[in-house]
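See below for the structure under consideration.
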Amino acid sequence: MNQILSAVRSSFRARTVAASLLLATALPLAAIAAPEGELRIAVGADATTFHPHVNSLPVGNTVDGLVFQQLFRIDADNKVVPALATDYGWSEDGMTFTVSFETGHSFTNGRPVNAEAVAASFNQLLDPDSGSIYAGLYASLGKAEAQGEDTVVFHMAEPNGHVLMLLANSAAGIIDTEANAEMGAEYGRKPVGSGPYMVEEFIGGERFTLVPNPDYKGARPATLERVTFMAVPEDGSRMALLETGEVDIVDRVPAESIPTIDALDSASVILPDSMFSISMEMVLRGPLEDKRVREALNISIDRDGMVQGILGGLGTPSQGQVGPGTEDALRVTFEPKPYDPERAKALLAEAGFGPDSPLELRVNCPNGRYIKDSQVCQALTGQWQAIGVKATPNVLDLPSWSAAHQVPIEERSYDMSMIGRATAGIDFTVYRLFRSGVSANTTGFNNARVDSLLAEGRATTDLEEQKKIYAEIQQIVWDEMPFVFLWYQKQAIGIADTVTGFTIRPDETMLFDTVQVSVDG
């Protein structure tokens, strides 16, 4: 492992030196250019928390990337790049990972972002008793130890060749654990970070506002005086705000609204790449433990018809659980699940379900989280009803929908839920969803072969070996069907002409590093 990763480390050092030189020349200009203008954004999904250890929504990732600093981060091209980190290295046996980082940074309460603070932040992330939903996913990091003021050492629980991706994900944002202990739940609404912005206001279900952190020191200073997010689940209402100039950006533009917005003199729609894989994630208990039932539910869906008729073409039928852009070198695709309602009926009959003993399902869906999600929910349950399944749709507001996934599997009141997944790393994606016992595994999927393969995938950095390992994992998941695989959702963002420098990653995380808004319009 050390031999292969040394090349990565050398490349990292070269990038770090180049970034330092660039920062040295850019800082005087950044110090002169004061933040200017307000960016107003209407989003379909409201944030439920900004605490990186429990947040699982892209809008929360966007805020976390502005409020918290990290050792590494994922850039607009979905690549891991240095943030605070200046150097890193592995021990020969791959069981110790050491990172050195910039000093001189502080949280908004004045506490220093030193090695002790960084280690404490990671140890809380790794502690399942802290409420972290990512503890299982990050467990390979073992325990973090501070060395001096500028170095943190991870005593690994197991080798993991994907550790940089873990450290670059927003869940690895550096929190002030002391402030978290003092503030409790309020920390998720008004977090104490050290990034270029801080949360000024958070009114759940309505709006939240970011303002510049006056004490921020770093390579990504705030460019805006204010960033205001408004939660507007209804598509029509969100589009109207852009049309009237009340907001500058809207997400998830429905297909029927694209021509209207493009016809405006003041705004247009962009269609950036997306890796979002939308599925119905089953709770694997009772009838859904039977693979015949899971296959029947998968092949009774007319994906092409729904993509065109409901999404207006803003989607592509699934060819695997892992979406495009999720480390494509390790991603594999399959023939889409066929549309065969007659075979679906036969499979249900084989499993013991029919007119006298119908399969009953309770189906959760959010309102405003994904493109046409509530309409999709109604259409899905209608297609299942057509094969004799008594499927009951339950459309929920975002907090209720999100909270339902946190309930222990045996206590859940639903049988499947619509969820979209989008993460840059293949290991990050499949480990959290299909490793038995991990809290982010919402289905209860438990496959000994997959668990073994996941351990093998983390233990090697040989690309050809990884290709074989992760291909087999994806094949097993595709065959076992713990999800009803639907489609890869396309992004459609409405943006005012007064906005420049805006980018959005394929996982729907908005990046504001160079955003500016024309104040005079």
Side-chain angles (χ1 to χ4, degrees), residues 1-16 70-73 79-101 114-116 118-128 132 134-169 171-172 174 327 329-330 424-432 434-438 448-473:
M1 175 180 293
N2 215 37
Q3 181 180 7
I4 295 170
L5 292 178
S6 63
V8 179
R9 186 182 179 195
S10 296
S11 174
F12 171 86
R13 278 177 167 170
R15 291 197 307 269
T16 301
Q70 298 181 214
L71 297 176
F72 303 88
R73 64 190 291 257
K79 296 179 180 178
V80 175
V81 295
L84 291 181
T86 57
D87 195 12
Y88 70 86
W90 282 261
S91 60
E92 287 298 328
D93 62 0
M95 295 301 293
T96 301
F97 181 70
T98 303
V99 183
S100 298
F101 57 89
N114 55 18
E116 183 180 349
V118 173
S121 180
F122 277 103
N123 286 331
Q124 181 167 317
L125 170 65
L126 291 162
D127 180 6
S132 168
Y134 297 105
L137 177 62
Y138 280 77
S140 63
L141 295 181
K143 183 178 180 180
E145 177 191 12
Q147 282 192 357
E149 288 293 306
D150 66 350
T151 301
V152 62
V153 179
F154 296 94
H155 298 281
M156 308 288 288
E158 62 178 356
N160 187 345
H162 305 271
V163 68
L164 290 181
M165 184 60 70
L166 287 176
L167 296 180
N169 190 274
I174 300 167
E327 204 166 355
L330 301 178
I426 197 82
D427 178 76
F428 192 101
T429 297
V430 296
Y431 195 98
R432 70 172 179 155
F434 306 115
R435 175 66 167 83
S436 61
V438 173
R449 178 59 180 164
V450 169
D451 286 352
S452 176
L453 287 166
L454 286 168
E456 292 177 25
R458 287 188 159 190
T460 181
T461 56
D462 182 275
L463 182 59
E464 294 306 313
E465 281 300 308
Q466 287 184 346
K467 285 180 178 179
K468 295 176 185 177
I469 292 166
Y470 289 101
E472 185 177 348
I473 292 170

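Predicted model only: the values in this text are computed from it and were never measured.
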Residue pair Ala146 / Ala119: nearest heavy atoms and the distance that separates them: N-CB, 3.8 Å

Minimal non-hydrogen separation, Ala171 against Tyr138, with atom names: CB-OH, 3.7 Å

Heavy-atom check, side chain of Leu164 versus side chain of Phe97, under 4.5 Å: yes

CZ-OG1 distance between Phe434 and Thr429, expressed to the nearest 0.5 angstrom: 9.0 Å

Side-chain heavy atoms of Lys143 within contact of Leu126, under 4.5 Å: no

Sub-4.5 Å side-chain heavy-atom contact between Leu454 and Ile469: no

Side-chain heavy atoms of Leu166 within contact of Tyr431, under 4.5 Å: no

Least distance between heavy atoms, Leu71 atom then Phe122 atom: CD1-CE1, 3.9 Å

Inter-residue atom distance Ile426.CD1 - Met165.CE, 0.5 Å rounding: 10.0 Å

Heavy-atom side-chain contact between Tyr88 and Leu167 under 4.5 Å: no

Contact summary for Ala172 and Gln70, nearest pair of heavy atoms: O-CG, 4.0 Å

Between Ser436 and Asp451: side-chain donor-acceptor atoms closer than 3.5 Å: yes

Test side-chain contact (heavy atoms from CB on, under 4.5 Å) applied to Phe72 and Leu84, Val99, Val163, the passing residue: Val99

Shortest non-hydrogen contact between Gln124 and Ser132, atoms and distance: O-CB, 4.0 Å

Candidate pair Gln466 and Thr460, rule side chain to side chain contact (heavy atoms under 4.5 Å, CB included), full reasoning: CA-CA 7 Å; Gln466 287 184 346; Thr460 181; 4.0 Å; yes

Rounded distance [0.5 Å steps], CG in Leu141 versus CE in Met156: 5.5 Å

Worked verdict on Arg73 versus Val81 for side chain to side chain contact (heavy atoms under 4.5 Å, CB included): CA-CA 6 Å; Arg73 64 190 291 257; Val81 295; 3.6 Å; yes

Heavy atoms of other groups near Glu145 CD, more than 12 under 6.0 Å: yes

Side-chain heavy-atom pair His162, Phe428 within 4.5 angstrom cut-off: no

Ser121 OG to Glu116 CD distance, which is reported to the nearest 0.5 Å: 12.5 Å

Side-chain heavy-atom pair Glu472, Arg449 within 4.5 angstrom cut-off: yes

Shortest non-hydrogen contact between Ala144 and Val152, atoms and distance: CB-CG2, 4.0 Å

Side-chain (Glu149) to main-chain (Asn114) donor-acceptor, under 3.5 angstrom: no

Note, Thr86 side chain near Asp150 side chain (heavy atom, < 4.5 Å): no

